[in-house]
K.L.:
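One structure, as structure tokens, below. Some questions next.
The structure displayed is predicted, hence computed values, not measured ones. Excluded from the calculations below are hydrogen atoms, water molecules and symmetry mates; all remaining heavy atoms, backbone and side chain alike, are included. Below, chains carry the letters A, B, ... as their sequence lines are ordered, and counting in each starts from 1.
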Amino acid sequence: MPKLNMVQAINLALREEMQRDKNVVILGEDVGRDGGVFRVTEGLLEEFGAERVIDTPLAESVIAGSAIGMALYGLKPIAEIQFMGFIYPAIDQIFSHAARVRSRSRGRFTCPIVVRAPYGAGIKAPELHSESTEALFCHMPGVKVVVPSSPYNAKGLLISSIRDPDPVIFLESTRLYRLIKEEVPEGEYAIPLGKARVVQEGKDITVISWGSMLHRSLQAVGGFDAEVIDLMTLNPFDEETIFKSVKKTGRVMIVHEASKTGGFGAEISATIAEDEILYLKAPIIRVTGYDVVMPLPKLEDYYIPTVERIRKGIEEAMKY
Amino acid sequence: MPKLNMVQAINLALREEMQRDKNVVILGEDVGRDGGVFRVTEGLLEEFGAERVIDTPLAESVIAGSAIGMALYGLKPIAEIQFMGFIYPAIDQIFSHAARVRSRSRGRFTCPIVVRAPYGAGIKAPELHSESTEALFCHMPGVKVVVPSSPYNAKGLLISSIRDPDPVIFLESTRLYRLIKEEVPEGEYAIPLGKARVVQEGKDITVISWGSMLHRSLQAVGGFDAEVIDLMTLNPFDEETIFKSVKKTGRVMIVHEASKTGGFGAEISATIAEDEILYLKAPIIRVTGYDVVMPLPKLEDYYIPTVERIRKGIEEAMKY
Amino acid sequence: MPVRVIETIDIKRLDILDEKGNVDESLMPALSDIEIKGMYELLTLSRTFDHHALSLQREGRMGTYASIFGQEASQIGSALALEKSDWIFPSFREMGVYITMGYPLHMLFQYWGGDERGVKCPEGLNIFPVCVPVGTQTPHAAGAAMAAKYKGDKIAVACYFGDGGTSEGDFHESMNMAGVFKLPVVFICQNNQWAISVPRERQTASKTIAQKAAAYGFEGVQVDGNDIFAVYKATKEAVDKARRGDGPTFIECFTYRMSDHTTADDAARYRTKEEVDAWKAKDPILRLRLFMEKNGLWSEQYQKEVEEKAKTVVDEAIRTAEAIEHPEPKDMFTYTYEKLTPRQIKEMRDF
Amino acid sequence: MPVRVIETIDIKRLDILDEKGNVDESLMPALSDIEIKGMYELLTLSRTFDHHALSLQREGRMGTYASIFGQEASQIGSALALEKSDWIFPSFREMGVYITMGYPLHMLFQYWGGDERGVKCPEGLNIFPVCVPVGTQTPHAAGAAMAAKYKGDKIAVACYFGDGGTSEGDFHESMNMAGVFKLPVVFICQNNQWAISVPRERQTASKTIAQKAAAYGFEGVQVDGNDIFAVYKATKEAVDKARRGDGPTFIECFTYRMSDHTTADDAARYRTKEEVDAWKAKDPILRLRLFMEKNGLWSEQYQKEVEEKAKTVVDEAIRTAEAIEHPEPKDMFTYTYEKLTPRQIKEMRDF
Ligand SMILES: Cc1ncc(C[n+]2csc(CCOP(=O)(O)OP(=O)(O)O)c2C)c(N)n1
Ligand SMILES: Cc1ncc(C[n+]2csc(CCOP(=O)(O)OP(=O)(O)O)c2C)c(N)n1
Ligand SMILES: [Mg+2]
Ligand SMILES: [Mg+2]
């Protein structure tokens, strides 16, 4: 089996789904001739032509909005937003329409779009190229949010997202794009949305993370008997897997790169504090980015949760 | 002292602040000649002229964005978004700029704007006229979020918001606009941002709410020895007041109108679960809107947390 | 600056039927008497629908409603140029379009009564639900047109919005997209001179709205929006052009909102009675009646029949709408996603 | 459709200095020899800055950088028409504007090195920090202009963006706002023919970008963006008009991005060498040199001096920038709000 990095794995998923289903089309800035600024769509224009791999004008709202229109018409559009920091102009289309099409039309129209965006810090990029505001999209019923953490699950989750009958925000860690290679099978396999993955079993503490922070978490748990969960789908999220783990460990730490206040860690913590508090032996710890405007590259490394900060979080929980 | 409803109290705050400071200007759709669709800006055009009460074209992004430009230039603009459901096109300006101007320019430029918007359900209005997505704005460092629950605190909080040197999202419950009248003094008084208000003291449970849900919460607590907290400022929020209360009661319920997942109740709950868990006797209960697309008027009343649902939440917590 | 002219753009205006009921024969589209009578009947039906909707709202039997009074010719004239297989992206003030396309009237009352099921478009029609956030439907029109083009379907996409809607960023991005990809879209702006309290000249400084198309490299034309023949003709040409693969067209229907913005509005706060009165003479139905009278297509008797028929149809629709059972509270969960989420399943236990 | 023309819009183009260094005397702005030499020196300094920035990036001493190579005349010509009291809203590719306005060079290196302090605009200048999200600076320009107008300040606001930027909704909303309120803004579009990999003709279908102003009821003009005299003249007239209270102007500087989009880009993937080579002959610095040569303002010796001076200044700026101490981690908290929040105070304890 070939070893692929995440860029290649996503490219493969796109290619295979486009081969399988003529209704799958890609649109976005520089996705065609340039193959995407991260080369995620490389070669697709050549293979599928300009009608299916569409270089759009520089306008995020109509990228999302026209994807919605295509979906209404029966296509399965995959819209790329060049960086998550540029998704904000498209939020209105995502929130006011993509999320509501099915409900508004009582199912007559549906909106099976995928909005892909590179997210997160760690590649020393300019301002607004390092956002990780996934939590925003988790507060909009009608939208699903998926964040893969490895090439293998990126491919499987993307296939599921493309086939999903509802809108999916699919966030790809820029830092992970070329960091890890792993075996990624060719051909079809789908990892179901809404299911988390227990990456490592353990008895003392449940560490919940997703995307790029999963790796730092895995680095940090060494020496502890930690159960590590890769959430993968943030909305709707897999309460069951979390609850099962919490019942066993009685301790929880959530790690994410987004700033703390209102981050998705809050929802996980609150869900546990509401449903499983009696099993808890310790405070629910959140190790997150700080509540600050994301700094430029010189300070970026201080913003992102470090292995050391994550370890401290575990140690804190283990005091109880 | 005159008894005013919330529309009148906000109008008074605007008028007085405009009289006090020539740099305060208002802009938005229909804020001038029409006095705003809820009449919140009634009479201001006549008193202050079209250069200070500006009827803009129908374009939310430039309403927020030009307010930012005015603020950079030294004015204190108050932008009205006609309904919170129409703030989404302005989110990019609020998140990418208003929130970051101070940080980006290391304080050379600041962004003292207020973005006012009517929010919430309960007046049987058309689609997207009933949003309560305040949590979104609480996840963006650099932005403050204020939600008054009564005419008196609406005036005092608005004065503080206008004078605040940073961007403030100021959300006004459409349902409360004309529901309650209370004594509102003329002249200056400011209610500090970032401070919650203990509306009623109690020993058995802490009920935390804001805006329109505060009133339902107050109706629901009858018969319980509940401490009711009106959060007022959601970001940055008053941990101290909450912690003090939780230490006393050991039980917490949070009530908000927004849908549950990723609502601001999650942040409050998570904060308590992180810092005060040892004081808790019971699960932290959230009584909220459902995780659904906000329904049209026929089902609206089923969506909004009812007094009965809130009571059930308290009863649930009191079982422990 | 005495410099070279590198581009010249002419903005044209089309008028066919004047206020007295006279037509410019050279421009008159080929319409049979039956078709012309059909137009008149649709105009009357739409206005009757509108008046009844306003009454229902006043009586507390319906929610906030946006009247189409005065804009009937813009709506019916343009919709008549469309086929059922075409796709339509309305804003919130296009009841005349729905009615012309044969949308069940009772569902419109149901929708304005606050029930989503009213805009569950019946199979066989492709009308997207009422779009409340101004201008945000324009990208959908571009996208649907792109999809139709990709699929090789010879359809047109009609996108409706107001003068105010042209100020939104989405309008711009969609027009631009349509221009770049030569999409089969007809953008139909009902310039009714007001966006709530903001008059046309404070909405934009361009002399016409039609000229906005120049920014996107395709044709923009202004038509007398109270002249159903002109609206029909301009739309038909644009639709045919779209089907031929010759790209988008922008049509400014120059009309007037005779009512308050919605039932929640009081237009007397911001515009004069004189202005409104001046537009009464330009009424789209009146002038068609005068034309028909001159051409022997109208009589008092006919008028009575048309009015009675309209009233019967509308009354029946109201009865049907009001007899529909209240939606189930659980319905609010059902259409969030294709499948309920685990959390929703828990939440639904409240009902 | 044989109908009435109700509006005609002419789009003009201004050229003064051709590729051979000849000028159209009738159009030539009044510039002293010293001023012309000043232009040349700024062009050279900016290009020197740019080349050094690219080298630093390659050496890993600086982050991603957006080159201005080829666009110097558009930037310096327009900036020279501004006063220090004017307000400037750049995008991310306007180093020539910063340099012309007297912005400390070392701060520019500092910024591109990933340090916010580099765009803390010194007092006495009103240049808003580099704006990364495309088009989003345009509303700020409208707002600042509105504020200036309200305060009665006789200043102009210059707003820079690219051809790609004109596709964003914000551009549209801001242009419209400026038109409605007759704001003192000069919108300066550097049409460098590319938005990363998207060529101008796939960005928008309008024949010129200048004609987009027609949508907003004010003047748009195209100038040869590699002709510093034309850019200067057009901007000066627009700035004067703004100061007079006669409203906004849109200027399309027709130029070319000679470099990759940024140092993270590889333009060879999407455009031909032939296209780039064809633009070499149109170089803005070369043609000014030819003009100066013809007019006795240039010599080999002068060239050497100008180059050496530029190099010295740039080297010095790099030294200064690189000597600046690394920002404190705590700095990332300091400017979120005027005061730290209680939560931030806790978070800061990590440092
Ligand atoms: C994005 C958005 N902003 C504000 C509103 C509130 N609103 C509803 S209709 C309207 C005016 C619309 O004017 P126009 O586009 O001319 O259409 P008309 O009402 O005249 O048919 C406004 C401001 C809205 N629905 N959506
Ligand atoms: C809102 C937004 N979307 C996407 C990007 C990524 N991006 C940076 S520059 C650029 C192209 C800009 O083209 P143009 O406006 O012509 O300016 P130029 O780069 O040619 O100077 C893109 C797509 C961005 N910075 N902001
Ligand atoms: Mg209108
Ligand atoms: Mg460009």
K.L.:
Measure distances from V37(B) to the heavy atoms of chain C and classify the residue's part below 4.5 Å as side chain, backbone, both or neither.
P.N.:
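Contact with chain C: side chain only.
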
K.L.:
Anything in residues 298-320 of chain B with a heavy-atom distance to chain C below 4.5 Å? Please list those residues in order.
P.N.:
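Listed by number: K298(B), L299(B), Y302(B), Y303(B), R309(B).
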
K.L.:
When the ring planes of Y177(B) and F38(B) are compared, do they come out parallel, tilted or perpendicular, using 30° and 60° as the limits?
P.N.:
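Rings of Y177(B) and F38(B): tilted, as their planes differ by 30° to 60°.
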
K.L.:
Identify which part of T261(B) has an atom lying under 4.5 Å from any heavy atom of chain C, answering side chain, backbone, both or neither.
P.N.:
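Both the backbone and the side chain of T261(B) come within 4.5 Å of chain C.
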
K.L.:
Out of H261(C), E328(C), H326(C), which one racks up the most heavy-atom pairs below 4.5 Å with chain B?
P.N.:
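Of the candidates given, the most pairs with chain B belong to H326(C).
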
K.L.:
For V198(C), is it the side chain, the backbone, both or neither that has a heavy atom under 4.5 Å from a heavy atom of chain B?
P.N.:
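The answer is both parts of V198(C).
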
K.L.:
May I ask you to decide if the ring planes of F89(C) and F128(C) are parallel, tilted or perpendicular, using 30° and 60° as cut-offs?
P.N.:
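Ring orientation of F89(C) relative to F128(C): tilted.
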
K.L.:
Could you look at D170(C) and say if it's the side chain, the backbone, both or neither that has a heavy atom under 4.5 Å from chain B?
P.N.:
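Nothing of D170(C), per the 4.5 Å heavy-atom cut-off to chain B.
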
K.L.:
If you measure from CD on E201(C) to OG on S206(C), what distance do you get to the nearest 0.5 Å?
P.N.:
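Taking CD in E201(C) and OG in S206(C), the distance rounds to 11.5 Å.
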
K.L.:
Which of the residues T56(B), D55(B), L296(B) is involved in the greatest number of heavy-atom pairs with chain C at under 4.5 angstrom?
P.N.:
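Result: the option with the highest number of such pairs is L296(B).
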
K.L.:
Measure distances from Y290(B) to the heavy atoms of chain C and classify the residue's part below 4.5 Å as side chain, backbone, both or neither.
P.N.:
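For Y290(B), the contact with chain C is made by backbone and side chain together.
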
K.L.:
Over 60° means perpendicular and under 30° means parallel, so tell me whether W279(C) and Y256(C) are parallel, tilted or perpendicular.
P.N.:
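Parallel.
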
K.L.:
Which region of P295(B), side chain (C-beta onward) or backbone (N, CA, C, O), has a non-hydrogen atom less than 4.5 Å from a non-hydrogen atom of chain C, or is it both or neither?
P.N.:
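Its backbone and side chain both get close to chain C.
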
K.L.:
Please test F109(C) against H52(C) for ring-ring contact (aromatic ring centres under 6.0 Å, His included), starting from the C-alpha separation and ending with a verdict.
P.N.:
CA-CA 10 Å; F109(C) 286 118; H52(C) 280 68; 7.7 Å; no

K.L.:
Less than 4.5 Å apart, any side-chain heavy atom of I68(C) and any of E94(C)?
P.N.:
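When only atoms from C-beta onward are counted, E94(C) and I68(C) do not touch, as no gap falls below 4.5 Å.
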
K.L.:
Sort out for me which residue in T255(C), D50(C), N192(C), N191(C) forms a side-chain hydrogen bond (donor to acceptor under 3.5 Å, both in side chains) with Q71(C).
P.N.:
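The side-chain hydrogen bond (donor to acceptor under 3.5 Å, both in side chains) with Q71(C) is passed solely by N192(C) among T255(C), D50(C), N192(C), N191(C).
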
K.L.:
Counting N and O atoms only, with roles assigned by atom type, does the side chain of S66(B) sit under 3.5 Å from a partner on the main chain of G69(B), one being a donor and the other an acceptor?
P.N.:
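No; zero donor-acceptor contacts below 3.5 Å.
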
K.L.:
Under 4.5 Å heavy-atom distance to chain B, tell me which part of F171(C) shows up: side chain, backbone, both or neither.
P.N.:
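It is neither, since no heavy atom gets under 4.5 Å.
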
K.L.:
Just by modelled atom types, is the N5(B) backbone N or O under 3.5 Å from a matching donor or acceptor in the Q8(B) side chain?
P.N.:
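At least one qualifying donor-acceptor pair exists.
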
K.L.:
Can you tell me how far the CG atom of D277(C) sits from the OG1 atom of T272(C), to the nearest 0.5 Å?
P.N.:
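D277(C) atom CG to T272(C) atom OG1 measures 8.5 Å (nearest 0.5 Å).
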
K.L.:
Verify ring-ring contact (aromatic ring centres under 6.0 Å, His included) between F161(C) and F92(C), making sure each step is shown before the conclusion.
P.N.:
CA-CA 8 Å; F161(C) 46 87; F92(C) 50 85; over 10 Å; no

K.L.:
Is the backbone N or O of I209(C) less than 3.5 Å from a side-chain atom of E252(C), with the two atoms forming a donor-acceptor pair by type?
P.N.:
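It does hold such a pair.
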
K.L.:
Determine whether a donor-acceptor pair (N or O, by modelled atom type, separation under 3.5 Å) exists between the side chain of E172(B) and the backbone of Y119(B).
P.N.:
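Flag not set: sc E172(B) to bb Y119(B) has no pair under 3.5 Å.
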
K.L.:
Listed by residue number, which members of residues 329-336 of chain C have a heavy atom under 4.5 Å from any heavy atom of chain B?
P.N.:
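Under the 4.5 Å heavy-atom cut-off, P329(C), D331(C), M332(C), F333(C), T336(C) qualify.
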
K.L.:
Taking all non-hydrogen atoms of both residues into account, name the closest pair between G85(B) and E131(B) and its distance.
P.N.:
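So the minimum-distance heavy-atom pair works out to CA-CG, 3.4 Å.
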
K.L.:
Looking only at atom types and distance, does a side-chain atom of S259(B) sit under 3.5 Å from a main-chain N or O of V292(B), one as donor and one as acceptor?
P.N.:
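Pair absent, no side-chain N/O of S259(B) close to backbone of V292(B).
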
K.L.:
So for Q344(C), is it side chain, backbone, both, or neither that comes closer than 4.5 Å to the heavy atoms of chain B?
P.N.:
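Answer is side chain: those atoms of Q344(C) sit under 4.5 Å from chain B.
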
K.L.:
Tell me which of these, I196(C), D115(C), V130(C), has more heavy-atom pairs under 4.5 Å with chain B than the rest.
P.N.:
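Maximum pair count with chain B is reached by I196(C).
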
K.L.:
Picking from M294(B), E42(B), H129(B), which has the most non-hydrogen pairs under 4.5 angstrom with chain C?
P.N.:
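Between M294(B), E42(B), H129(B), the count favours E42(B).
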
K.L.:
What part of R269(C) lies closer than 4.5 angstrom to a heavy atom of chain B: side chain, backbone, both or neither?
P.N.:
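Looking at R269(C), backbone and side chain both touch chain B.
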
K.L.:
Provide the closest heavy-atom pair for R39(B) versus N11(B) in the form atom of the first, atom of the second, distance.
P.N.:
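Residues R39(B) and N11(B), closest heavy atoms: O-ND2, 4.3 Å.
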
